[in-house]
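Residues take their numbers from the sequence shown, with the count starting at 1. Computed from a predicted model, the values in this text were never measured in an experiment. These numbers come from the heavy atoms of this one structure, side chains and all, not from hydrogens, waters or symmetry mates.
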Amino acid sequence: MAEIVIFLAIKKIGIALAKGAADQASVQFAKYGTQLLELQSTMGRLASELRVIHDVLCQMDIRNRNNQVYEGWLEEVQKVAHVMDEYLYLVGQEHDIGCCFFLKKGVKKPRSLLSFNRLALKVKETEKHLTHLSEIKNRWVTLINNGDTNSSNYIVKRSQDLANISRSLDEEDLVGVDENRGKLEQWLAGDDFECSVIALLGMGGLGKTALAANVYKKERDKFQCHAWVSISQTYSREHVLRIIIKEVCKDNASVLSSTVAMDIVCLEETLTKFLEQRKYLIILDDIWTLEAFDDLSRMLTHNGKGSRLIITTREGAVAAHASRGHTITMEALPEDKAWDLFCKKAFPRETNHECHAELKPLSEEIVSKCKGLPLAVVSVGSLLCVCEKTMEEWRRVNNQLSWEINNNSRLGHIRNVLHLSFIYLPTHLKSCFLYCSLFPEDYLFTRKKLLRLLTAEGFVKERGRNTLEEVAEGYLKELIDRNMLQLVERNSFGRMKKFKMHDILRELAVELCQKNCFGVAYGGERKGTLEMDGRRLVLHKLMKDNPEPVYGIHQLRTVITLDNSMPSFTLLPLLCKESRYLTVLELSGLPIEKVPDAIGDLFNLRHLGLRHSKVKMLPKSVEKLSNLLTLDLCGSDIHELPSGVVKLKKLRHLFAERVIDAEGRDFECRSGMCIPKGLGNLKNLQTLQALEIQDESARHLGELRQPRCEFK
């Protein structure tokens, strides 16, 4: 998790160093120019060390998740990484305003250079602190050892333990699988003599392994030989070969004895030769990558005897290698099936597993929170089975079910299964996944808006000639393909349009967000003081009166509001004044009437959303937001854009449609805002919605040279 913060910090340092603002210092202020160069040199060394730390953290696994010493050390490293925001702010601001502007005055030391003096001292202390942290880790953190120093072996063992639990589930634990089981049995018994590859696809906890194991036990004796192997992200090809040989050759002692001293090449030849003349059934459980599938499947011969290979995976790209029409996509249980499964686990001794009448309302609520995930239903039902059958106890579990899932050792299976999916995500996908968890349960994301937000947050890295938005769309496709997000709707062109996150998966992600100061989701349940302990704040619902005072607002990088029922919103002036590193400010739907002049001081701001607000005019200072990528004023009361908008050369998306008569009975009358002269300066503009064209303004549209620019 900490690698995300460090990854973003490294990106920020790279951006700042690329600007080369210190090179603009003149001979007249040579001592300050030297100081700036020294500062850049120090930041370069910090970036190098953070890059190594990031690469090391990417190799870590869940052993250290509850290691307090290790996590305490990571918290200190993250604090170092967050210093980069101030550095980027000052270097970037100096570059855009121009050192020469100040130096030509020649009267007094620029205020920004005074800030650099303070920052230079802070960065030097940070470098010393990072060195000290490395020494601390060498002295203390390495002493914490769970006995297995081999990370690969540990992950393999954890994956196999989880698979064994699923394989050992009783018949009664398999509820709502009759259709998929029948389909799987039919494919195994089919008269197709080619080697069919069958895939079971779905997120962790949906019962892929349990279904495969159930059918395997019933059907394996119909094949001449059979084998089951649990794979993981860090499997050993030789280990897998030996397991398969041991199982398929268990009745052939001579073959088994001859393989003891064989190398991997001889093992593969022996297996291929043995399977050539036999009809076999082999299960490769929990395959994570295409490379693993290719690596393992080529060991299995296609002998034209009706052999079958079943793979279970969370990855759509892996499942795509199944034989045509031989993929089963596992879905969450419908409500009635989830209820049946819950009652079997929670009330095993009752006649027909009948739920106690007085506990039924609470039980239904608990089952609803499991969102049809069989693993969650079974685990929570088993937990309640040993609890007192009282309203008080049931209510306690219901009220703190999220906490129970994240902390109760009896529900550790849920955490481990789903955390493996998160751990194996690349760093850039982890950021996007955690970001989505800050939004409410069952929140429907729309592709275009989320792409703009992810780009503004800095999560997206350039790839070739694709736009950042196209790269971000690729990220979302990967998350859907890995079953970390659920596709809900496609548009008429077959392109993904809306998607959401499974609530159980979201609960685990929210815990990671809070634990690592990635972000906070505020649901309006707290009264009084609103305390910020994360870099991002998503306000689901606001109290009638904004809480005062507000603590920690200075550290915010993102503020998003989702509640448009507020009669007022008084935090905006405070945000503009105190949160100077703000990157995303999304206030759509709020009845804001005025934007403070201080918004121009938010140099890092990349996304400003005022859709359907009551704002009538933007301040002139908006022209100072030189990093702004998205300006969304759609449906606001603004009639004319300030002329300074054309100075925002990085602007990529401009929404300026306004509603003239929102009370219209039959249809809304819409128009655009007046177009400013110089629109052709916006070379990066990709989306331009509903500007009002007057006089020569049509000519300005022709000056927009971005080939992907979309006019609406």
Practice task
Can you see which heavy atom on L271 is nearest to which on M299, and at what distance?
Solution key: CD2-O, 4.1 Å
Practice task
Give a yes or no on whether a salt bridge exists between K371 and E441, defined as a side-chain N under 4.0 angstrom from a carboxylate O.
Solution key: no
Practice task
Spell out, as yes or no, whether a donor-acceptor pair under 3.5 Å connects the side chain of R463 to the backbone of K461.
Solution key: no
Practice task
Report yes if some heavy atom in the side chain of L211 is under 4.5 Å from a heavy atom in the side chain of L206; otherwise report no.
Solution key: no
Exercise for the section: Give a yes or no answer on whether the side chain of E470 reaches the backbone of T467 with a donor-acceptor pair at less than 3.5 Å. Expected result: yes
Exercise for the section: Before giving the answer on side-chain contact (heavy atoms from CB on, under 4.5 Å), spell out for W339 and S368 the whole-Å C-alpha distance, their side-chain angles and the decisive distance to 0.1 Å. Expected result: CA-CA 9 Å; W339 175 254; S368 176; over 6 Å; no
Handout entry: Expected output: side-chain R308 to main-chain W187 donor-acceptor under 3.5 Å
Key = yes
Handout entry: Enclosure of K337 NZ (heavy-atom neighbours >12, cutoff 6.0 Å)
Key = no
Handout entry: Of all pairs that satisfy side-chain hydrogen bond (donor to acceptor under 3.5 Å, both in side chains), the ones with a partner from residues 267-281, not counting sequence neighbours
Key = R237-E268
Handout entry: NZ on K344 to NE2 on H353, rounded to 0.5 Å
Key = 6.0 Å
Exercise for the section: Under the ring pair (Phe, Tyr, Trp, His ring centres under 6.0 Å) rule, what do H226 and Y216 come out as? Steps first, then yes or no, please. Expected result: CA-CA 9 Å; H226 49 79; Y216 178 70; 5.7 Å; yes
Handout entry: Any side-chain heavy-atom pair of L454 and Y475 under 4.5 Å
Key = no
Practice task
Before accepting this row, confirm whether a basic side-chain N of the pair D503/R506 lies closer than 4.0 Å to the acidic partner's carboxylate O.
Solution key: no
Exercise for the section: Quick one: pull up CZ in F459 and CG in L434 and give me the separation to the nearest 0.5 Å. Expected result: 8.5 Å
Handout entry: Between CG on residue L256 and CD on residue E247, distance to nearest 0.5 Å
Key = 11.0 Å
Practice task
Please find out if less than 6.0 Å separates the ring center of F445 from that of Y443.
Solution key: yes
Exercise for the section: Compare all side-chain heavy atoms of V377 with those of K345 and state whether any distance is below 4.5 angstrom. Expected result: no
Pair up each side-chain donor or acceptor in residues 316-330 with any protein partner under 3.5 Å, not counting sequence neighbours, and list the distances.
residue : atom : partner : partner atom : Å
H321    : ND1  : A317    : O            : 3.4
S323    : OG   : V197    : N            : 2.9
H326    : ND1  : R324    : O            : 3.0

Fill in the blank from the handout: Between the CG atom in N303 and the CG atom in L275, the distance rounded to the nearest 0.5 Å is 7.5 Å
Handout entry: Residues, nucleotides or ligands: over 12 heavy atoms within 6.0 Å of K218 NZ
Key = yes
Handout entry: More than 12 heavy atoms of other groups within 6.0 Å of E194 CD
Key = no
Problem - side chain to side chain donor-acceptor pair (under 3.5 Å), paired with T209, selected from D285, D286, N214 - result: D285
Practice task
Could you tell me whether the side chain of K477 reaches within less than 4.5 Å of the side chain of E473, counting heavy atoms only?
Solution key: yes
Practice task
Answer whether the closest heavy-atom distance between the side chains of V510 and L438 falls below 4.5 Å.
Solution key: no
Practice task
Start with the C-alpha distance between I405 and L508, add both sets of side-chain angles, then the distance that settles side-chain contact (heavy atoms from CB on, under 4.5 Å), and finish with yes or no.
Solution key: CA-CA 8 Å; I405 288 174; L508 295 168; 4.2 Å; yes
Fill in the blank from the handout: To the nearest 0.5 Å, atom CG of L241 lies from atom SG of C266 at 11.5 Å
Problem - Separation of I310 CD1 from E219 CD (nearest 0.5 Å) - result: 9.0 Å
Handout entry: Check: M262 main-chain N/O paired with T259 side-chain donor or acceptor under 3.5 Å
Key = no
Problem - Flag, side chain of S257 to backbone of S254, donor-acceptor distance under 3.5 Å - result: yes
Exercise for the section: Evaluate whether atom CD of E238 has more than 12 neighbouring non-hydrogen atoms of other residues, nucleotides or ligands under 6.0 angstrom away. Expected result: yes
Handout entry: R482 (side chain) donor-acceptor with E315 (main chain) under 3.5 angstrom
Key = no
Completion exercise
Closest non-hydrogen atoms of F293 and I287, given as atom of the first, atom of the second and distance, are N-CG2, 4.1 Å
Problem - Distance-minimising heavy-atom pair for S431 and F518 - result: O-CZ, 3.6 Å
